[in-house]
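Have a look at the structure below, then the notes.
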Amino acid sequence: MEIKPDLDEAPQRCRKETVSSQRTTCLLEQGWPQRRRQVPPGLRDHLPDELRRRRLVERSIMETFRLWGYEEVSTPTFEYYDVLTSGAGDELKGLAYKFVDPHGDILALRPEMTTPIARLVATRLQRSSYPGRYSYLANVFRHADPSAGDFGEFWQAGVEIIGSGSVLADAESIALCVHALSGTGLSRFQLDIGHVGFVNGIMADAGLGESEMALLRDALLQQDFVRYRRTIAALPIPSQQMERLASLESLRGGGEVLESGAEIAGQSRSALAALSDLRMVLSHLEWYDVKEHVSIDLGLVKDFDYYTGVVFQGYATGTGYAICSGGRYDGLVRRFGPDLPSTGFAVGVERVVEALRRAGATIPMEPSRKVFILTFTPDCEAVAVRDASRLRTHGCVVRIDLSSASPADLVDGAQQGGYDGILVYRQAEGGEVSVSVISPTDRQGSDPTLSVWLSNTLGRAVRSSIARSASTGHR
Amino acid sequence: MMELFQKADLFAAEIDEESRRLVFEDEERMSRVILVKPVDVPTYVQYGSADLGVSGKDVLLEEDKAVCELLDLGVGFVRFVVAVPGSSGIDDVRMLGYNCRVATKYPKVATDYFDSLGMQVEIIKLNGSMELAPAVGLADAIVDITETGRTLAENDLKVISTITESTARLIANRVSYRTKHDRIRGIVDCLGKLVDSNLNRS
């Protein structure tokens, strides 16, 4: 079968000549301030292809959370600054985007999600039995120097277990994080687990004051080990204590690290309790099949002040930054109401997308759907539009052509766009609507199954035509 | 530097600095050396294109990249100094007065330093030939790095303050440090011993 010659002469309302050639002038030469056309540094748009990748990762992570029994919640994009930065520390206060409302109150765009959810649960979701398990998918905002992996707005998918002080909750949080990451197709990643009580216990036991501890913690957080060692060397403490502090830098590895940790923990109750927590977490993790992805880092220090217990952070091979982060924050909910020990984590969605891309993972396509493009002459509009609706109820993607390009031009576009068929509606002699389908991949002969399926689905005869590209001739 | 790497059994293949190649492989040790401009080292490491890097503390202070700083290699000693023309009659930073102009290749270091003194100065970023700036009246003072101070003296500049000292550092990508911890830790321990013995000898 062939496309009838008259099909090539569909009305051509808006061909390409509307695109002006003037636009190629260099923007820099126009004097028009560049920033009026651009977004501020550190922010970005997501084009369809990128967004599709991100959505797939988001869906996969949120589905894992759902299967583990977490209920999704959402909170306002901006809230009172005091509430949002309650407990998180100076670091975060400096990073929040702030503005003033008409009453003179300071508001901020949320810089992270744990605090808003602590507020939400404490003030609106009090329940008779705990814990509550909540999940979220949200964009958060931080002033950022645009550099490796840092953006002013980014998306986090995370969970909070509110109202459980048990190490079972810590283990679940870590295991769920591993499963959520694996579920996206990421395979080479690693979670480092530490404990706030270990680092603080060793430092307190060495007799350090709060300001000295803050200096050392910052050096560990920045992973500036040269500065860490120098700060220790300058402290007025016995050399034995110096060695204990210095060893925080290198207590990393598998479960055996807990034994080395016990040697330097000495009599510090806080450090010993931390080791006992970590030992139990590791033993619970045994049953979750996640051990290949976790390791212990007793020197792990976190960015936010609200962490109180087991903490963790995840990295993917090939990216220069953490992809997820979490831990126990027992004092945070109390700031808003009931005293509920809690734990949770957040995954940086875009960072996982980037890690997948770097790992060469193929992003799975959407479950297979038939995709059609529909073109018609004006007298067939009623029939064609109704058919489009019917196809959509069968789960097909149907795009109505607005360009009035000829079917031959559409074949060219369709080959790039990955369509299954172009449906052409036109009035035949005698006022009958004739429908034919062009299958763009099929140049040799036509595949009868598509037209048969369409005929059955639409309840009218659909003939099949052979694709013929405009560029290869036969106009 | 390459001698240290060789002794640490990290990289032992030939590096021909005359050739225009920038990437050298040591297949036996599964390592690769890439040659980049000193100021770019922290960037390559931050993005994970290189697991390890050797960078001056001066560059690290100015570039302020998120990397692990693992080891002071004890070589490449320089000082960050404030210098003024010998004829200016100024011998203390505080005498520079408010709103003076300071030319430098290191605007971040200079800004942080004057901020810490509570002084408001105008920082002018230049890319080379610092000594010219005071001579032609572009700036009242300069912030620059110097090894011995001789070049400054030759240009009739005198050091009025040392901001900080700098040596070469071994840096690592923050994720590599964790995901390749055993290998990197081994390298750090080995280099640390070599550096200590070098320092003791000299």
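Every chain is numbered from 1 and lettered A, B, ... according to where its sequence line falls, protein lines coming before strand lines. Below, all heavy atoms of this structure are taken into account, side chains as well, without hydrogens, waters or symmetry copies.
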Toward chain A, the part of B/Val67 with a non-hydrogen atom under 4.5 Å: backbone
Determine whether more than 12 heavy atoms belonging to other residues, nucleotides or ligands lie under 6.0 Å from atom NZ of B/Lys57. yes
Contact list (residues 155-187 of chain B to chain A, heavy-atom gap under 4.5 Å, by number) returns B/Arg169, B/Asn173, B/Arg174, B/Val175, B/Tyr177, B/Arg178, B/Thr179, B/His181, B/Arg185
Contacting moiety of A/Gln313, where chain B heavy atoms sit under 4.5 Å: neither
If you draw a 6.0 Å radius around CZ in B/Phe11, do more than 12 non-hydrogen atoms from other residues or ligands fall strictly inside? yes
Which atoms of A/Asp224 come close to chain B, meaning under 4.5 Å heavy atom to heavy atom: side chain ones, backbone ones, both, or neither? both
Whatever's closer than 4.5 Å to a heavy atom in chain B on A/Ala219 counts as neither
For A/Arg229 and B/Leu70 the tightest heavy-atom approach is NH2-O, 2.7 Å
More than 12 non-hydrogen atoms from neighbouring residues, nucleotides or ligands closer than 6.0 Å to CD on B/Glu27, yes or no? no
Within a reach of under 6.0 Å around CZ of A/Arg188, are more than 12 heavy atoms found that belong to other residues, nucleotides or ligands? no
Under a 4.5 Å heavy-atom cut-off, does chain B meet the side chain of A/Gln222, its backbone, both or neither? both
Is it the case that over 12 heavy atoms from other parts of the model lie below 6.0 angstrom from the NZ atom of B/Lys125? yes
Of all pairs that satisfy salt bridge (Lys or Arg N to Asp or Glu O under 4.0 Å), the ones with a partner from residues 32-49 of chain B, not counting sequence neighbours: none
Between B/Asp72 and A/Arg230, is the closest basic N to carboxylate O distance under 4.0 Å? yes
Using non-hydrogen atoms and a 4.5 Å limit, figure out which bit of A/Leu220 sits close to chain B: side chain, backbone, both or neither. neither
